[in-house]
Protein chains: 2
Amino acid sequence: MADPAPTLRSLARVLGLSRTTVSDALRGSQRVDPNTAERVRQAAREAGYRRNPLAGALMSELRRSRGTAFHGVLAAIDFNEPDRPAHAARYHRELVVGAEARAVELGFKIEKFSVGHAGVSVQRLDAILQARGIHGVILLPAWDEPDLSNLDWTRFAGIYTDYIIERPALHSVCPDHYRSLLAALQRLAALGYRRPGLFLQKHADERLQYRWGAAFRAFQESHAAIKPVPPLIVDAFAKEEFVRWFRRHKPDVVVGHNTVAIDWMEGCGAELPATHGFVCLNVLMKTRPCAGLDLQPRTLGARATELLIGQLQRNETGIPEWPSTTTIPAHWVDGPTLRTAE
Amino acid sequence: MADPAPTLRSLARVLGLSRTTVSDALRGSQRVDPNTAERVRQAAREAGYRRNPLAGALMSELRRSRGTAFHGVLAAIDFNEPDRPAHAARYHRELVVGAEARAVELGFKIEKFSVGHAGVSVQRLDAILQARGIHGVILLPAWDEPDLSNLDWTRFAGIYTDYIIERPALHSVCPDHYRSLLAALQRLAALGYRRPGLFLQKHADERLQYRWGAAFRAFQESHAAIKPVPPLIVDAFAKEEFVRWFRRHKPDVVVGHNTVAIDWMEGCGAELPATHGFVCLNVLMKTRPCAGLDLQPRTLGARATELLIGQLQRNETGIPEWPSTTTIPAHWVDGPTLRTAE
DNA sequence: GCCATGGGTCGGACTGTCCGAACACTTGGT
DNA sequence: ACCAAGTGTTCGGACAGTCCGACCCATGGC
């Protein structure tokens with residue numbers, strides 16, 4: 001093990017070939033004689049040659065985009081959805097802000113693109129990215145199942161910033177809804193609340209594969225002191241349904257997205273924080289001051305950028321064999337809708 | 001913008017300096033005359049120079065590691081736990097095998113260390129790693145809450161290969177139990193099973209923050225055609241308790257860790273796969289042929305290594321501000337305990 | 001006058017890739 | 001028999017930014 005690690009050049013010297021031929025042979029280029037290629041592969045195996053992926057990525061980039069030098073540019077791709085609610089638009093903006101900040105720190109730059117509807121088509125996007133020499137893309141969350149399978153993924157590395165993407169199945173980054181709600185409920189229990197209730201829109205939970213509801217039930221099951229208030233999961237927000245549920249099951253704290261529930265609770269005679277409490281599952285959605293969960297879109301954007309740059313440095317383009325999901329727990333935000341101590 | 005993007009060399013030519021001096025100046029080296037440095041910085045600003053981060057990373061690695069025979073060494077740290085069951089030991093081995101393979105591909109190498117009990121103490125480990133110039137560590141799962149907070153984390157980057165580590169709070173990599181069980185139940189439903197039952201040891205689910213149980217209940221709640229068999233979650237495996245549950249709730253397929261349940265089912269008159277089915281939640285634990293989930297320890301080890309090397313390349317040591325959890329879904333394995341079609 | 005010191009600058013070497021040039025050899029038309 | 005065109009294979013140049021050792025030159029002590 002005293003010898004320095006073998007390189008393309010040392011290998012070529014031993015074989016009596018040029019470094020170029022060795023490189024081509026190892027990458028399976030059609031230009032080299034099959035016999036020569038086999039010879040090279042065997043010698044590489046025996047010498048324990050390991051290609052330097054960093055150099056590979058650099059050179060590939062450098063040569064391919066000759067003239068138009070490497071800019072270190074990443075694309076943030078937004079699926080153009082016309083009637084996106086304000087909080088979702090803000091979540092997207094925060095994701096991009098976080099991604100941009102981290103990108104700059106690592107010597108990259110982010111450009112925004114919009115596809116579908118008023119934006120460009122997928123084919124057009126492919127052409128634009130290729131022309132600009134962009135090989136890393138961050139896909140922003142889409143309400144409907146996004147489809148970018150038409151992109152030529154052999155030339156791109158991608159990260160999705162929501163739970164699951166199937167077309168194609170990329171690595172993704174998103175909040176840890178399950179763990180965050182468990183932690184929030186634990187905090188409520190520590191504050192003395194014993195009858196937590198969950199108030200959700202059905203579609204919101206479905207998108208997360210029922211993680212909110214699952215965490216809520218798991219908490220109830222595993223804590224004997226907690227009274228099992230059944231979660232209220234509705235098709236659309238409606239006052240009557242909520243009031244009926246609230247009167248019947250008497251939760252002492254309600255956890256949900258929509259802060260209009262606070263008004264309805266007060267309409268039933270509740271006084272916050274004196275008699276009851278409220279926690280918002282996404283502070284970007286609150287329309288009045290209250291405690292809640294910050295899903296940390298900036299941090300998610302930053303982490304997505306880190307993962308993407310990691311892939312580029314390993315020269316890993318294409319669809320991963322085993323897509324992974326990276327999650328970050330939400331950050332608790334105090335507010336006037338909860339009592340401060342037992 | 002007709003000119004090609006400025007490089008260190010083009011910048012140096014204009015300034016009448018060498019590329020080295022320009023590089024040093026821009027990176028704020030002490031070796032350069034402050035006046036020269038300022039001149040360089042201004043010229044770079046005016047020319048719109050942007051350093052190529054890929055080339056930077058490559059060269060930094062290349063130059064720094066010259067002379068040192070190995071590109072980089074990572075440590076795999078195992079918490080020495082005396083009475084670890086055989087399947088856990090195998091899971092650990094597979095994790096390391098996956099990590100080693102990926103490390104080699106990326107030009108790194110892995111060395112194994114064992115701490116606690118018969119292994120070295122944490123203080124000693126710190127000294128050893130420092131002396132060996134090792135800055136990346138992969139922590140293997142520990143049954144009890146592991147504690148490595150005494151390591152001088154300002155000098156290390158670390159990844160834990162299980163759900164959560166609090167001392168210190170590092171990034172972690174682990175299987176996606178929640179999603180995997182949901183997917184498995186969906187598959188069973190597609191095969192025609194309508195009364196799935198879950199059989200768990202309490203401690204096993206607690207360690208995962210109840211994710212098995214939570215996924216099971218979430219599936220029942222969201223699928224009207226599925227009969228809600230209550231999960232059997234026991235303190236210790238015992239035949240009588242299982243048989244009572246099995247007779248009373250009549251599940252048509254049982255999902256659990258311990259394959260001894262198959263014997264008990266057969267004792268109750270079940271015939272697999274004719275009348276009933278069984279799925280093992282971790283194929284490393286099965287003691288007889290059956291369908292189940294491969295939690296993919298090799299892939300997890302590989303991904304942990306990638307994340308760790310990413311941190312090292314970004315020069316990120318210490319405890320992350322926001323620890324993330326990266327999960328990979330389990331891989332379904334067919335077996336003779338399930339019918340093959342509707 | 002000589003040598004040691006040190007601040008500032010420079011050149012060499014390093015990685016793998018891509019493209020066009022170069023070369024050897026075959027084929028087909030005249 | 002000769003040349004043009006085509007085919008198959010190999011090679012060399014250029015490229016990025018960094019680190020280390022070498023080098024130049026001014027200064028100061030003896």
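Chain identifiers are assigned alphabetically (A, B, ...) following the order of the sequence lines, protein sequences preceding nucleic acid strands; residue numbering begins at 1 within each chain. Excluded from the calculations below are hydrogen atoms, water molecules and symmetry mates; all remaining heavy atoms, backbone and side chain alike, are included.
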Student: Select one nucleotide: of C:dT15, C:dT9, D:dT9, the one nearest the side-chain heavy atoms of B:V32.
Tutor: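 Among the listed nucleotides, the one closest to the side chain of B:V32 is C:dT9.
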
Student: Could you state the atom-to-atom distance from CG of A:D24 to C1' of C:dA21 in whole Å?
Tutor: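 Distance check: A:D24 CG to C:dA21 C1' gives 14 Å.
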
Student: Between B:W322 and A:R303, is there a donor-acceptor pair closer than 3.5 Å when you use the side chain of the first and the backbone of the second?
Tutor: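 Side chain of B:W322 to backbone of A:R303: no pair is present.
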
Student: Among the candidates D:dA22, C:dT17, D:dT18, find the nucleotide nearest to the side-chain atoms of B:R31.
Tutor: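 When the side chain of B:R31 is considered, D:dA22 is the closest of D:dA22, C:dT17, D:dT18.
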
Student: When you check the side-chain N and O atoms of A:T21 and A:S18, is any donor under 3.5 Å from an acceptor?
Tutor: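 Judged by distance alone, the side chains do pair up.
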
Student: What's the CG-P distance between A:L11 and D:dC11, to the nearest Å?
Tutor: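 In whole Å, D:dC11 P lies 13 Å from A:L11 CG.
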
Student: Looking at every strand, decide which applies to A:R51 at a 4.0 Å heavy-atom threshold: base, sugar-phosphate, or nothing.
Tutor: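 A:R51: backbone/sugar contact only, no base atoms under 4.0 Å.
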
Student: Give a yes or no answer on whether the side chain of A:H171 reaches the backbone of A:S324 with a donor-acceptor pair at less than 3.5 Å.
Tutor: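 The answer is yes, because a donor-acceptor pair under 3.5 Å joins these two groups.
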
Student: Under 4.0 Å between a side-chain N or O of A:S23 and OP1 or OP2 of C:dC18?
Tutor: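 For C:dC18, neither OP1 nor OP2 has a side-chain N or O of A:S23 closer than 4.0 Å.
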
Student: Closest to the A:R19 side chain: D:dG13, C:dA21, C:dC10?
Tutor: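 Per side-chain heavy atoms of A:R19, the pick is D:dG13.
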
Student: Can you tell me the distance, in whole Å, between the CG atom of B:L58 and the P atom of D:dA16?
Tutor: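 Checked: the CG to P distance equals 13 Å.
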
Student: Would you indicate which nucleotide in D:dC11, D:dA16, D:dT18 comes nearest to any side-chain atom of A:T21?
Tutor: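 Between D:dC11, D:dA16, D:dT18, the one nearest the side chain of A:T21 would be D:dC11.
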
Student: C:dT15, C:dT9, D:dC11: which one has an atom nearest the side-chain heavy atoms of A:T20?
Tutor: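 The answer is D:dC11, which lies nearest to the side chain.
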
Student: Would you kindly give the CG-to-C1' distance between B:N52 and D:dA16, to the nearest whole Å?
Tutor: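 In whole Å, D:dA16 C1' and B:N52 CG are 6 Å from each other.
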
Student: Mind calculating the distance between CG (A:D33) and C1' (D:dT7) to the nearest angstrom?
Tutor: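 My rounded result for the distance is 13 Å.
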
Student: Looking at D:dA16, D:dA22, D:dG12, which one has an atom nearest to any side-chain atom of A:S18?
Tutor: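 Of the candidates, D:dG12 comes closest.
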
Student: Roughly how many Å is it from CZ in B:R13 to P in D:dA14, rounded to a whole number?
Tutor: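 That distance rounds to 13 Å.
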
Student: Just checking, is any N or O donor in the side chain of A:R27 or A:S23 under 3.5 Å from an acceptor N or O on the other one?
Tutor: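 Checked: A:R27/A:S23 side chains pair up, N/O donor to acceptor below 3.5 Å.
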
Student: OP1 or OP2 of C:dC14 sitting under 4.0 Å from any side-chain N/O of A:T7?
Tutor: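 The answer is no; no side-chain N or O of A:T7 sits under 4.0 Å from OP1 or OP2.
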
Student: Of B:R9 and A:R9, whose closest DNA chain C nucleotide lies nearer the 5' terminus?
Tutor: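 Taking each residue's closest nucleotide, the earlier one in sequence belongs to B:R9.
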
Student: Rounded to whole angstroms, how far apart are CG on A:L8 and P on C:dA13?
Tutor: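 In whole Å, C:dA13 P lies 19 Å from A:L8 CG.
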
Student: Quick one: does any side-chain atom of B:T305 pair with a main-chain N or O of B:A103 as donor and acceptor, under 3.5 Å?
Tutor: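 No: the side chain of B:T305 does not pair with the backbone of B:A103.
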
Student: Could you check which of C:dC18, C:dG8, C:dC10 has an atom nearest any side-chain atom of B:P34?
Tutor: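 Nearest nucleotide to the side chain: C:dG8.
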
Student: Output the rounded distance in Å from CG (A:L15) to P (D:dC11).
Tutor: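 Taking CG of A:L15 and P of D:dC11, I get 10 Å after rounding.
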
